[in-house]
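A quick note: this is a predicted structure, and the numbers were derived from the prediction, not measured.
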Amino acid sequence: MTGRWRSVSGVPLRRLLLLAAGVCLIVYLALVVKAVLWPVRGELRDFPLPRQGEPLLVIAPHEDDETLGCGITIRDAVARGVPVWVCLLTCGEGEELGTAWVAKRPRPSAAQFVRLGQIRQRESLRALASVGVPQDHVIFLGYPNMGLRWMWSARYWSPHSLWTSPFTKTDHSPFDNSLTPQAPFCGASALRDVEAVIARVRPRYLLATHPADTHPDHWATYCFTRLALEELRARSVETWPRECRLFTYLVHRRGWPAPWGYYPELRLAPPRALADLPINEWHSRDLTRDETRAKNRMILTYRSQAAAYDLLLRAFARRNELFATINDDPQGFLPTWLQADTSLEPSGETEYLRRHHDADLVGVEVSPAGTAPSVAVHTAAPLAHAQLEVSLTRATPGQVRCAMVQFSPGSAPRAWTATDGDGPRVADTEVHIETSGTTTTVFVPAAWVGPGRLMVDVMTVSRNRPLDRAITRTAGETSSAAEQPPARVPGRNSRE
């Protein structure tokens with residue numbers, strides 16, 4: 001540039017850069033003011049810790065999520081004499097920036113992605129050891145980073161159709177310490193491992209990522225956890241699965257936490273889009289200043305992630321930790337095999353959805369309709385360019401464990417089913433679709449559903465890229481031993 005600043009349309013480049021920096025600073029300061037002044041909507045319940053001797057199990061998708069979501073809750077539980085276990089579904093090996101930082105090269109090899117996974121495992125072990133969790137209470141499952149969403153589908157549910165990691169270039173776990181050696185990358189295997197961990201620990205409280213978390217590995221982690229718990233409740237004659245309380249923690253959501261960065265005097269509040277949804281009941285656990293600083297030290301353990309995500313990670317070292325319960329059954333525990341349920345969804349959350357209303361999900365309704373159960377999907381405008389994807393997953397093994405339907409306006413629906421042992425099987429002719437205004441209703445055979453609990457996932461997609469996703473719903477008949485909801489444990493202030 002020969003010592004002089006170039007210009008753009010007659011405006012000096014230096015002035016444009018200063019203007020852009022000024023705009024970024026104003027936006028950042030606005031986020032800080034918003035975080036300070038925006039009150040928490042309603043009074044949040046206190047998060048109740050289990051009592052001494054009652055096990056706590058934390059299930060996380062990646063190494064560091066367990067610390068971000070509930071690091072000090074884990075520390076406090078250990079101090080109270082609560083046995084704490086942590087289960088990591090993946091090893092976080094697909095983080096390309098972290099791998100490039102570790103490997104010192106822009107295009108890491110498959111072996112270097114595996115090395116990053118091993119580094120992230122050691123980081124979690126160090127962070128958890130610092131709050132008293134022994135190494136033998138940390139369980140690694142070794143499933144693929146960025147692959148859990150695909151495994152939670154009929155296409156990659158059975159061992160006959162495995163997901164291949166684009167990072168490690170394998171369809172089996174490359175990590176020697178996986179719970180199942182060389183675990184196959186499919187939904188049936190992941191479910192079996194999560195269920196085995198829950199059955200081993202027999203937790204009183206179970207913590208997993210929130211189903212509205214926008215990271216595909218995070219919402220899929222909730223799905224596998226919830227399905228495993230529902231299956232144990234349906235199958236076991238013991239009472240502990242029905243007494244186990246499932247709480248969730250949030251890590252990824254657009255514009256949350258606000259602002260990014262280390263602000264130890266601020267509090268975490270529920271994201272505006274999720275704060276008032278009836279499906280969520282929010283809980284908070286207050287932290288002292290010393291606990292906030294301790295959580296920041298735990299976060300700094302994850303050095304492999306600092307280069308890319310330091311500001312996001314440290315945004316979780318604040319004056320509280322935030323949890324939510326998912327109220328799938330607003331009408332209570334009904335003895336019907338499948339209850340009607342309408343899920344209200346946040347609307348217009350992204351600029352794309354504000355411009356393409358047909359992709360914006362605003363509600364999902366699951367109900368029986370004669371002999372053909374149905375899923376009614378409501379969008380902000382009639383479905384036009386977006387593709388609709390509906391997945392149904394049963395909590396009890398049978399002929400059909402997982403089914404998926406894809407529908408584009410003007411085209412015939414595509415459908416697949418899978419069992420724990422076989423699949424996927426094309427089932428296009430077994431599905432019927434009806435459209436009426438902004439409602440698209442998918443009718444499926446009763447054999448796809450059967451008795452027991454049913455998990456329903458709905459997305460709008462374009463070229464396999466998710467545009468919007470509804471919160472996972474669990475509906476249907478509870479087991480005979482669980483027709484009454486478990487008794488609530490009164491909230492206890494975390495400072496007692």
For [X] and [Y], work out which heavy atoms get closest and say how close.
{"X": "A220", "Y": "R149", "answer": "CB-N, 3.9 Å"}
{"X": "L207", "Y": "F47", "answer": "CD2-CZ, 4.0 Å"}
{"X": "V58", "Y": "C70", "answer": "CG1-SG, 3.8 Å"}

Salt-bridged, [X] to [Y], with N to O below 4.0 Å?
{"X": "R120", "Y": "D64", "value": "yes"}
{"X": "E238", "Y": "R202", "value": "yes"}
{"X": "E230", "Y": "R235", "value": "no"}

Partners meeting side-chain contact (heavy atoms from CB on, under 4.5 Å) with [X] (sequence neighbours left out):
{"X": "L125", "result": "Q135, V138, F140"}
{"X": "T214", "result": "H252, R253"}
{"X": "P424", "result": "S161, W416"}
{"X": "A376", "result": "E365, H378, T439, T441"}

Qualifying residues under side-chain hydrogen bond (donor to acceptor under 3.5 Å, both in side chains), relative to [X], sequence neighbours excluded:
{"X": "R354", "answer": "E351"}
{"X": "S462", "answer": "none"}
{"X": "T225", "answer": "none"}
{"X": "T239", "answer": "none"}

Member of T472, L250, V251, T221 meeting the side-chain contact (heavy atoms from CB on, under 4.5 Å) criterion with H210: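 That would be L250; it is the only one of T472, L250, V251, T221 passing the side-chain contact (heavy atoms from CB on, under 4.5 Å) with H210.
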Test side-chain contact (heavy atoms from CB on, under 4.5 Å) applied to D468 and T460, V461, T350, the passing residue: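 For D468, the side-chain contact (heavy atoms from CB on, under 4.5 Å) test succeeds with only one of T460, V461, T350, which is T460.
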Working for side chain to side chain contact (heavy atoms under 4.5 Å, CB included), residues Y205 and L57: CA-CA 6 Å; Y205 281 10; L57 173 60; over 6 Å; no
W85 side chain near I139 side chain, heavy-atom distance below 4.5 Å: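 Yes, close enough: below the 4.5 Å cut-off.
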Close side-chain approach of L141 and C87, heavy atoms under 4.5 Å: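 Of all side-chain heavy-atom pairs linking C87 with L141, at least one is under 4.5 Å.
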Quiz item: cation-pi between R45 and W282, 6.0 Å / 45°: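 No, a cation-pi geometry is absent between R45 and W282.
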Cation over ring face, R155 and F185, 6.0 Å, 45°: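 No, R155 and F185 do not form such a contact.
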Residues E66, I59; criterion side chain to side chain contact (heavy atoms under 4.5 Å, CB included); working and verdict: CA-CA 7 Å; E66 76 290 349; I59 297 182; over 6 Å; no
Within 6.0 Å of CG in D176, more than 12 heavy atoms from elsewhere: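 Counting neighbours around CG of D176, 12 or fewer heavy atoms of other residues, nucleotides or ligands fall under 6.0 Å, so no.
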Can [X] and [Y] be counted as having a side-chain donor-acceptor contact under 3.5 angstrom?
{"X": "S189", "Y": "Y143", "value": "yes"}
{"X": "S304", "Y": "E123", "value": "yes"}
{"X": "D193", "Y": "T180", "value": "yes"}
{"X": "T379", "Y": "D358", "value": "no"}

Between [X] (side chain only) and [Y] (backbone N and O only), is there a donor and an acceptor less than 3.5 Å apart?
{"X": "Q305", "Y": "Y302", "result": "no"}
{"X": "E93", "Y": "N145", "result": "yes"}
{"X": "D213", "Y": "H215", "result": "yes"}
{"X": "R285", "Y": "E321", "result": "no"}
{"X": "D217", "Y": "M146", "result": "yes"}
{"X": "S173", "Y": "Q182", "result": "no"}
{"X": "T325", "Y": "F247", "result": "no"}
{"X": "T419", "Y": "D422", "result": "yes"}
{"X": "S165", "Y": "P144", "result": "no"}
{"X": "R204", "Y": "E243", "result": "yes"}

Rounded distance (nearest 0.5 Å) linking atom CG of L454 with atom OG1 of T474: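 The CG atom of L454 sits 8.5 Å away from the OG1 atom of T474.
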Spacing of CG belonging to D420 relative to CZ belonging to R192, to within rounding of 0.5 Å: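 CZ of R192 is found 8.5 Å from CG of D420.
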Stepwise side chain to side chain contact (heavy atoms under 4.5 Å, CB included) test for F175 and Q118: CA-CA 8 Å; F175 300 99; Q118 295 166 339; 4.2 Å; yes
Pairs satisfying salt bridge (charged side-chain N to carboxylate O under 4.0 Å, His left out), at least one member in residues 428-446, at least two apart: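 Residue pairs passing salt bridge (charged side-chain N to carboxylate O under 4.0 Å, His left out), neighbours aside: R414-D428, R425-E430.
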With [X] via ring-ring contact (aromatic ring centres under 6.0 Å, His included) - residues at least two apart:
{"X": "F316", "answer": "W256"}
{"X": "Y156", "answer": "W163"}
{"X": "H385", "answer": "none"}

Ring-ring centroid check Y249 F323, cutoff 6.0 Å: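 That pair fails the under 6.0 Å test.
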Side chain to side chain contact (heavy atoms under 4.5 Å, CB included) between V375 and F443, intermediate numbers included: CA-CA 7 Å; V375 179; F443 295 90; over 6 Å; no
